Protein chains: 2
Amino acid sequence: MRNSSAPRLTDIAKRAGVSIAAVSIALNKSESNRVSAERRQKILRIAEEMGYVPNELARALAERRTRLLGLVVPLRDPIFFNQFIAQALSGIQSTLMKRGYNLLVFSPSGKPGRATRDQILESRFMDGLVFINTRSCTAGDVKRTIEELDRAQIKFAMINSYYGRAPINYVGVDDAAIGSAAVDYLTERGHKRIAFLSGSATLPAHQQLVKGMRRSLEKRGLELKPELIGCTGYEVERAFQILDDWFRTKRDRPTAILTADDQLLLNLYDYAEQRGLKMPGDIAVLNRGNSTPEHHLRPRPTTLVTPTLRMGELAAELLIDSIEKPGTPPQRVLLPFELVQGATT
Amino acid sequence: MRNSSAPRLTDIAKRAGVSIAAVSIALNKSESNRVSAERRQKILRIAEEMGYVPNELARALAERRTRLLGLVVPLRDPIFFNQFIAQALSGIQSTLMKRGYNLLVFSPSGKPGRATRDQILESRFMDGLVFINTRSCTAGDVKRTIEELDRAQIKFAMINSYYGRAPINYVGVDDAAIGSAAVDYLTERGHKRIAFLSGSATLPAHQQLVKGMRRSLEKRGLELKPELIGCTGYEVERAFQILDDWFRTKRDRPTAILTADDQLLLNLYDYAEQRGLKMPGDIAVLNRGNSTPEHHLRPRPTTLVTPTLRMGELAAELLIDSIEKPGTPPQRVLLPFELVQGATT
DNA sequence: GTGAAAGCGCTAACAG
DNA sequence: CTGTTAGCGCTTTCAC
């Protein structure tokens with residue numbers, strides 16, 4: 001904290017010969033007539049002279065509002081390394097800046113016996129929370145989280161991977177539509193044996209993608225073969241095993257792969273490099289993910305881009321609306337995705 | 001904020017039939033004998049039953065301590081996209097977690113008329129600041145920042161690019177040593193015409209790198225030719241111009257390049273790809289930077305790796321020490337770097 | 001228009 | 001050991 005001898009409202013009040021209330025009003029409510037113009041001038045001048053800066057902590061306690069939003073990202077890995085999160089965060093920050101809020105990134109499991117994560121959530125430091133679901137969030141996890149937050153009456157907005165029915169502030173993409181679009185795109189290019197490389201079958205996004213793929217495949221009399229759905233558990237060895245299974249057998253070898261996220265795409269690139277597999281010669285690759293991390297991948301991957309930055313912006317927007325206008329009903333927004341043509345298809 | 005009907009110390013005190021002070025002590029000072037064991041038990045039980053969670057805001061106001069640290073990153077671009085910052089942040093978070101602090105990422109220039117950045121810095125929301133200097137910080141900027149912070153008596157720790165003499169908490173690398181090591185490495189491999197691709201000559205890191213390079217070159221009777229120092233201003237076009245200048249003229253063409261950071265390295269890769277330049281065949285490349293973003297660059301760049309994560313950890317450590325133990329003298333730490341052999345040299 | 005006073009919820013010094 | 005009291009600095013009734 002700053003030097004504790006900082007000037008307070010009291011100090012200004014004394015110097016100006018007015019009440020502390022007058023100072024508070026003069027400084028904060030520029031509209032109000034409760035203080036006369038001349039008085040206000042004098043107060044403002046003195047505050048300026050003394051270098052007054054309000055103590056936001058005291059203000060927050062009195063107003064019951066901190067203008068601080070918390071960020072929750074259930075992920076083991078350092079969250080800042082993750083490009084998806086980095087983009088969402090940038091979007092969030094951009095909105096917060098516009099609307100005068102700040103972001104509190106808390107450190108889960110702080111000192112033993114104090115400030116555990118859940119305590120922090122409820123500790124009144126934040127006006128609300130932004131939740132970014134990650135690949136470690138199953139549908140059940142998400143559901144439980146929502147129930148807890150509702151019970152604690154904490155305002156929040158969620159990003160990514162919620163397909164439940166609870167009325168919450170949510171921003172995501174329609175993964176079923178993405179799966180469907182992926183199949184449309186690939187079948188139009190003559191692919192019939194399409195594989196799906198995913199992290200885990202328990203993830204909501206996985207389920208939606210599969211659903212969408214099936215929908216589109218069936219429309220064409222094709223099917224998504226169970227053996228062409230591979231779940232790596234986000235382990236490289238497992239990814240390589242799966243890919244070996246697919247490519248070592250000549251029969252029924254897939255001609256195209258949809259990767260469920262950037263990390264799986266990178267695994268695939270590593271595999272292709274190591275095994276001498278050419279893209280798109282030996283295998284066509286389509287990715288669902290962000291575009292940033294791929295700038296320097298060669299060949300450039302064809303990607304169904306999720307608008308992650310925008311998701312962050314919007315989620316923050318919804319959250320702040322629901323904080324500032326208490327009546328506002330929760331909104332669920334599904335953002336459109338975009339196909340960015342690369343050299344892997 | 002959370003539901004405002006949350007139980008307070010008063011509520012527990014009433015229910016337990018004790019004073020509010022007793023409750024506070026029972027809950028917070030497990031060591032103290034000021035409250036008897038049985039009473040403590042009773043109080044703890046009741047607090048548990050009522051689902052008591054302390055209001056950190058009120059606590060902070062009374063204790064004059066928030067356990068919140070602020071992050072300042074002077075950079076126009078979205079800071080979370082930057083791998084250097086992502087790594088430093090991860091390090092910072094890791095320390096904060098261990099020591100029970102949280103991180104406040106504020107949004108510069110909030111609502112007009114209120115909460116400008118500087119005000120937030122002094123608004124008592126934070127116990128201290130972590131400053132990450134970036135490529136937009138000249139020596140003068142940094143110096144001014146330090147003066148301001150000192151004047152406002154704000155505790156802080158700085159990361160990166162400070163070579164001044166002020167006694168502050170600082171963690172960085174010795175860029176002169178890096179420049180020197182780069183030259184040693186390249187000359188040992190027979191290179192004599194070594195170029196330096198940098199962002200701007202006004203950056204402290206630039207100056208140190210040049211100093212180190214010169215030192216090592218002169219020891220060998222070589223020199224760093226002024227025309228082989230290129231400053232891109234972090235603009236791609238300018239980078240290409242400079243590289244064209246170097247490579248279009250056959251005479252005095254450099255045989256090796258040291259890039260001052262990851263972004264310049266990427267510019268160089270783009271250039272090499274576009275002009276059909278082979279690394280290391282046509283040009284040897286050595287980079288100063290992080291290793292993460294390069295995982296999927298081909299060929300893999302040889303890199304003098306700065307331990308950015310560790311820098312974040314340590315800076316946070318120093319800052320918290322200086323907050324918690326007021327007498328602690330500021331420390332300046334220069335971390336060692338490491339050479340990671342790639343395929344570009 | 002203006003000021004006094006009552007909180008916001010907690011900590012800590014002080015008196016028993 | 002225990003309770004009372006005085007803040008922390010600000011906002012906001014509520015009388016005048």
Side-chain angles (χ1 to χ4, degrees), chain A residues 1-43 47 50-67 114-115 119 122-125 127, chain B residues 1-43 47 50-67 114-115 119 122-125 127:
Chain A
M1 295 223 186
R2 180 177 49 145
N3 175 10
S4 51
S5 66
R8 297 154 303 167
L9 281 192
T10 322
D11 302 320
I12 300 180
K14 260 184 211 141
R15 191 112 133 213
V18 300
S19 80
I20 166 176
V23 179
S24 175
I25 291 165
L27 255 34
N28 296 313
K29 319 262 182 193
S30 47
E31 331 287 71
S32 167
N33 316 323
R34 287 213 36 198
V35 69
S36 64
E38 19 188 353
R39 272 196 148 187
R40 163 163 283 135
Q41 286 312 315
K42 185 175 181 188
I43 291 171
M50 302 181 73
Y52 173 76
V53 177
N55 180 330
E56 296 292 344
L57 214 50
R59 177 177 344 218
L61 182 60
E63 263 184 323
R64 287 110 155 268
R65 174 171 93 12
T66 56
R67 287 186 169 279
R114 188 157 178 179
Q119 283 177 345
E122 304 189 3
S123 70
R124 303 265 191 125
F125 242 120
D127 292 347
Chain B
M1 295 228 183
R2 179 177 50 141
N3 177 11
S4 50
S5 65
R8 298 155 303 167
L9 280 192
T10 322
D11 302 320
I12 300 180
K14 261 184 209 140
R15 193 112 130 213
V18 300
S19 80
I20 166 175
V23 180
S24 175
I25 290 165
L27 255 33
N28 296 313
K29 319 264 183 190
S30 48
E31 331 289 72
S32 167
N33 314 323
R34 288 212 36 196
V35 69
S36 64
E38 18 187 354
R39 270 193 159 198
R40 164 163 283 134
Q41 285 314 314
K42 185 177 183 186
I43 291 172
M50 300 180 76
Y52 173 76
V53 177
N55 181 329
E56 297 291 344
L57 215 50
R59 180 184 334 227
L61 183 60
E63 261 183 324
R64 288 112 153 272
R65 179 169 90 13
T66 56
R67 287 185 169 279
R114 189 158 179 177
Q119 284 176 344
E122 303 189 3
S123 69
R124 304 268 190 122
F125 242 119
D127 292 347

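Below, chain A is the first sequence line, B the second, and so on; all start at residue 1. Everything numeric here is computed off the predicted structure, so don't read it as measured data.
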Note to self: Heavy atoms from C-beta onward define the side chain here; which of D:dT2, D:dG9, D:dG3 lies closest to that of B:S36?
What the structure shows: D:dT2

Note to self: Between C1' on D:dC10 and CZ on A:R67, what's the gap in Å once rounded to a whole number?
What the structure shows: 16 Å

Check: Ignoring hydrogens and geometry, is there a side-chain-to-backbone donor-acceptor pair from A:T66 to A:F125 under 3.5 Å?
Finding: yes

Notebook entry, point to check: Would you say C:dT2 has OP1 or OP2 under 4.0 Å from some side-chain N or O of A:R39?
Noted result: yes

Margin query: With a 4.0 Å limit, can you tell me whether A:S24 has a side-chain N or O closer than that to the phosphate oxygens OP1/OP2 of D:dT12?
Written below: no

Note to self: Using heavy-atom distances to pick each residue's nearest nucleotide on DNA chain C, tell me which of A:A22 and B:A62 is more 5'.
What the structure shows: A:A22

Notebook entry, point to check: Between B:R64 and D:dC8, is there a side-chain N or O to OP1/OP2 distance below 4.0 Å?
Noted result: no

Next item on the list: Please report, rounded to the nearest Å, how far the C1' atom of C:dG7 is from the CG atom of B:L9.
Entry: 16 Å

Note to self: What is the separation between atom CZ on A:R124 and atom P on C:dG9, rounded to the nearest whole Å?
What the structure shows: 6 Å

Next item on the list: Measure from CZ on B:R40 to C1' on D:dC1 and round the result to the nearest Å.
Entry: 12 Å

Next item on the list: May I have the distance from B:E38 (atom CD) to D:dT2 (atom C1'), rounded to whole angstrom?
Entry: 13 Å

Check: What distance separates B:S24 OG from B:R59 CZ, expressed to the nearest 0.5 Å?
Finding: 8.0 Å

Checklist line | From CG (A:L57) to CZ (B:R124), nearest 0.5 Å | finding: 8.5 Å

Check: Rounded to whole angstrom units, what separation is found between the CZ atom of A:R65 and the P atom of D:dT11?
Finding: 10 Å

Check: Between C:dT11 atom C1' and B:I12 atom CD1, what is the distance in whole Å?
Finding: 15 Å

Checklist line | C:dC10 OP1/OP2 closer than 4.0 Å to side-chain N/O of B:Y52 | finding: yes

Note to self: So, does B:K29 get its side chain near the phosphate of C:dA12, meaning an N or O under 4.0 Å from OP1 or OP2?
What the structure shows: yes

Margin query: Expressed as a whole number of angstroms, how long is the span from A:L61:CG to D:dG7:P?
Written below: 17 Å

Next item on the list: Could you pull out all residues at least two apart from A:R40 that satisfy salt bridge (charged side-chain N to carboxylate O under 4.0 Å, His left out)?
Entry: none

Margin query: Base, sugar-phosphate or nothing for A:R34? Non-hydrogen atoms, less than 4.0 Å.
Written below: base

Notebook entry, point to check: Restricting to pairs with a member in residues 7-22 of chain A, which pass salt bridge (Lys or Arg N to Asp or Glu O under 4.0 Å), not counting sequence neighbours?
Noted result: A:R8-A:D11

Note to self: Is B:R8 close enough to C:dC10 that one of its side-chain N or O atoms is under 4.0 Å from OP1 or OP2 there?
What the structure shows: no

Next item on the list: Return no unless some side-chain N or O of B:N28 is found under 4.0 Å from OP1 or OP2 of C:dT11.
Entry: yes

Note to self: Both B:A58 and B:S19 contact DNA chain D. Taking the nearest nucleotide for each, which residue is further toward the 5' end?
What the structure shows: B:S19

